[in-house]
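Residue numbers begin at 1 in each chain, while the letters A, B, ... track the order of the sequences. Only a predicted model underlies this, so the values are computations on that prediction, with no experimental measurement involved.
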Amino acid sequence: MFLALREEVEGALESALAALEYPTDDLGIEEPPEDVESVLASSVAFRLAGEAGAAPPQVAGQLADEIDADELTYVAAVQTQGPYLNFLPSDAYLAMTLETATEADYGHLDDREESVVVEHTSANPTGPVHVGRARNPIIGDAVASLLDAAGYDVERHYYVNDAGRQIATFTWAYETFDEEDLEDEPERDRTEYDLVRYYRKGNAFLEDGPEEEVEDAEAEIEAIMQGLEEGDEEAYDRVSEVVDQVLGGMTECLARLPAEFDEFVKETRFMRNGDTNELVDRLQELDEAVYEDDAWQLELDDHGIDKNLVFLRSDGTTLYTTRDLAHHEWKFENYDRAVTVLGEDHKLQADQLGQTLELLGNDTDQLENVIFSWVNLPGGLGMSTRKGTGVDLDDLLDEAIDRAREEVEDRLDDRIRDDDLDEADIERIAHQVGIGAVRYDIVSKQATKAITFEWDQALDFEAQSAPYVQYVHARCCGILEEAGFDPTEPLAAAGQEESLDFDAIDADRLETPAEQDLLETIARFPAVIDEAASDLEPHQIATYTREFADRFNGFYRECPVLADDVDPEVRETRLALVAASKHTIANALSVLGVAAPRSM
RNA sequence: GGGCGCGUAGCUCAGUGGACAGAGUUCUUGGUUCCGGACCAAGAUGUCGCGGGUUCAAAUCCCGUCGCGCCCGCCA
């Protein structure tokens, strides 16, 4: 509803400016500070002062007089406060917000009939997912959900590097060493923990092993890569045996978040179908192509990138980026937009990729990157699969769930609500809260900011954390349940024993500032989705959930819903407000990938 | 050395041209006859890294500078 209000205000302001013969190119629309009564404001009078030969407050006055609020649906009045124009919401605005927000999919914008492929994580299938990588699936999944909520047709892809040197090395190591050659037991009973030991062993051997044997090993690795390049089925099968097993384990880990994918796209696919070879031919035709040091390269200096992009090694094999070019052209053929979530260490590669795609004649406007900074351990330590340093995501999630379970059990005795949580409830809540806290901690921060990972901070259940927001959802559910609804079903669903009496619901009855603030905050939700989606910044949703929770708690404190002395029509209207709140917060949490518990 | 990103309260972070720069955390105090106390209320801390500039208006834009991170491989 906020979007409709904004449109109406823009229209009204534009005609007022035109009527007074002022320029209409910049309306100066902004959201007012919290203590101002209006829901939308304009600072346009500042810019007009010179031209009008009058002080900004007077210009604002002229404009306010020119706009007839009676002709507007969502605006009750236009007031000035110094140089600012303030637009106050009408009862109709609040009433319509209340009505639309009681729909279960509130906040989901209209279908844009535009497809987007969101590629995220795409971690090399070499071993367990560690916390350094966890930012990718968490942000990526949220970006995908956000675009979905914003009305795009979204597919989530994991691009599998199954053709690089690392994988050839892994394959060689897996085939060469035996269980008894390995020094350590697997850290966990799952394939990637088992197999990563071969990878680490292989890398250590290549570094410190006897010179002759290392040479033999490197020849074997080279042979695997050549085989893949030639589309040799045997090489593919050998590599797949490692890749599929490790990837299977990693997928199980990611599913715990949960981060799930519509498709795992293997890069060998673009070698086997000939796309990569064809692409190499086209690259060689470019003016920027040079053959230097026995390798084919692209000189991108004239395009602002001073590092050459090597696309064909001297041994005739392709590189990651070469295959990724074919991959992206495939994306462009099949989707309207392509969004890639990647770490800042891939920035240069991404720039080269984009520039080269442009040279190949693609429209790169449809390609966008979400780049996030690395997660470090305290003390500046990095995380590495090859070296085996870092915190495994599985361990983080286990720890989070354990701490959440302790928390639930500690709180069991002094619960006010008498709803007898059983073992299954405790386990459910421990998972929802524990994993939710981890995700929220990561998704609520701007992707470009570096993070130092600290247990206590990530797993703080109070403060600006997932549980704080989840608690609001549980409170909503508690009230609705008390009133006879099944909070797990949409409020309008046929299965509900009770139903909201829409005749008795009237936004006019929401008289207190707390109720109106809450409703105005609910009204902004679709606009927040719209804005966050166009910026590809899911943390804006997290910021909104916190603000929303504050407003709801204010309402909860001031306005009883089910108390005996509440007028029945007020009760019904407040109940609708709670229902709207429940859908708003549930849908916001869903975008973030954080569970919305019905009790906790 | 070059490119990119970041620098806001003791700490973790919002805010990226407009209304007095905001939350949480921490500390103290108070709050449940009443829908859920993982909650709420009250109390305060800032050279927005630093220096210039543009503007009626700068944490926000521009230039310079310092600090931190990432990248600068025929790895991914």
Given that both distances must come in under 3.5 Å, which nucleotide forms a Watson-Crick or G-U wobble pair with [N]?
N      : value
B/rC11 : B/rG24
B/rG1  : B/rC72
B/rU47 : none
B/rU32 : none
B/rC61 : B/rG53

Counting heavy atoms from C-beta on, name the nucleotide in [options] closest to the side chain of [X].
X        : options                : value
A/Glu267 : B/rC40, B/rC35, B/rA76 : B/rA76
A/Gln446 : B/rC39, B/rG2, B/rG15  : B/rG15
A/His346 : B/rA76, B/rA38, B/rC4  : B/rA76
A/Phe461 : B/rA38, B/rU16, B/rC35 : B/rA38
A/Tyr471 : B/rA19, B/rA76, B/rA38 : B/rA38
A/Leu348 : B/rC71, B/rG36, B/rC35 : B/rC71
A/Arg557 : B/rA41, B/rA76, B/rC4  : B/rA41
A/Asp345 : B/rC71, B/rG5, B/rC72  : B/rC71
A/Lys449 : B/rG36, B/rA23, B/rA14 : B/rA14
A/Arg417 : B/rG36, B/rC6, B/rA19  : B/rG36

[N] phosphate, OP1 or OP2: any side-chain N/O from [X] under 4.0 angstrom?
X        : N      : result
A/Asn553 : B/rC40 : yes
A/Arg546 : B/rA23 : no
A/Tyr556 : B/rG37 : yes
A/His539 : B/rC13 : no
A/Arg411 : B/rA38 : yes
A/Arg574 : B/rC35 : no
A/Lys445 : B/rU12 : no
A/Tyr468 : B/rU25 : no

Considering every strand and a 4.0 Å limit on heavy-atom distances, what is the contact class for [X]: base, sugar-phosphate, or nothing?
X        : value
A/Thr321 : nothing
A/Val561 : base
A/Leu421 : nothing
A/Arg571 : nothing
A/Val578 : nothing
A/Ala49  : nothing
A/Cys477 : nothing
A/Ala542 : nothing
A/Thr448 : sugar-phosphate
A/Pro83  : nothing
A/Val472 : nothing
A/Thr543 : sugar-phosphate

Got a donor-acceptor contact below 3.5 angstrom from the [X] side chain to the [Y] backbone?
X        : Y        : value
A/Thr80  : A/Gly82  : no
A/Lys347 : A/Ile371 : no
A/Asn553 : A/Ala549 : yes

Q | Criterion ring pair (Phe, Tyr, Trp, His ring centres under 6.0 Å) on A/Phe552 and A/Phe555, from CA distance to verdict | A | CA-CA 5 Å; A/Phe552 183 84; A/Phe555 158 76; 5.7 Å; yes

Q. Quick one: which of A/Arg323, A/Glu267, A/Arg313 gives a side chain to side chain donor-acceptor pair (under 3.5 Å) with A/Thr318?
A.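 The single option meeting the side chain to side chain donor-acceptor pair (under 3.5 Å) with A/Thr318 is A/Arg323.
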
Q. Rounded to the Å, how far apart are A/Asp441 CG and B/rG24 C1'?
A.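 Result: 13 Å.
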
Q: In whole angstrom, give the distance that lies between atom CG of A/Leu592 and atom P of B/rA14.
A: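 Taking atom P of B/rA14 as the reference, CG of A/Leu592 is at 14 Å.
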
If the [atom1] atom of [N] is compared with that of [M], how far apart are they to the nearest Å?
N      : M      : atom1 : value
B/rU54 : B/rC71 : P     : 39 Å
B/rG53 : B/rA58 : C1'   : 11 Å
B/rU28 : B/rC35 : P     : 30 Å
B/rU25 : B/rA38 : C1'   : 15 Å
B/rC4  : B/rG43 : C1'   : 44 Å
B/rU60 : B/rC6  : P     : 13 Å
B/rC50 : B/rG10 : P     : 13 Å
B/rC20 : B/rA59 : C1'   : 15 Å

Q: Could you verify whether a donor N or O on one side chain and an acceptor N or O on the other, from A/Ser534 and A/Glu531, lie under 3.5 Å apart?
A: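 No, A/Glu531 and A/Ser534 have no side-chain donor paired with an acceptor closer than 3.5 Å.
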
Q.
Heavy-atom nearest nucleotide on RNA chain B for A/Val433 versus A/Gly28: which residue maps closer to 5'?
A.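 Closer to the 5' end of RNA chain B: A/Gly28.
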
Q. Does A/Arg598 or A/Asn161 map to a spot on RNA chain B nearer the 5' end, using the closest nucleotide for each?
A.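 Mapping each residue to its closest nucleotide by heavy atoms, the 5'-most match is A/Arg598.
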
Tell me if the side-chain of [X] makes a donor-acceptor pair with the base of [N], cut-off 3.5 Å, by modelled atom types.
X        : N      : value
A/Asp35  : B/rC20 : yes
A/Gln166 : B/rA76 : no
A/Asn86  : B/rA19 : yes

Q.
For a side chain to side chain donor-acceptor pair (under 3.5 Å) check, start with the C-alpha distance between A/Glu515 and A/Thr512, then their side-chain angles and the critical distance, and finish with the verdict.
A. CA-CA 5 Å; A/Glu515 290 167 300; A/Thr512 67; 2.8 Å; yes

Q.
Using the salt bridge (charged side-chain N to carboxylate O under 4.0 Å, His left out) criterion, which residues pair with A/Arg411? Sequence neighbours excluded.
A.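 By the salt bridge (charged side-chain N to carboxylate O under 4.0 Å, His left out) rule, A/Arg411 matches A/Glu407, A/Glu462.
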
(Q) Ring-plane angle category for A/Tyr159 and A/His327, please: parallel below 30°, perpendicular beyond 60°, tilted otherwise. (A)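 Aromatic pair A/Tyr159/A/His327 classed parallel.
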
Q: Please determine if A/Arg524 forms a cation-pi arrangement with A/Tyr544, meaning its NZ or CZ atom is less than 6.0 Å from the six-membered ring centre and no more than 45° off the ring axis.
A: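 Because its charged atom misses either the 6.0 Å distance or the 45° angle limit, A/Arg524 does not stack over A/Tyr544.
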
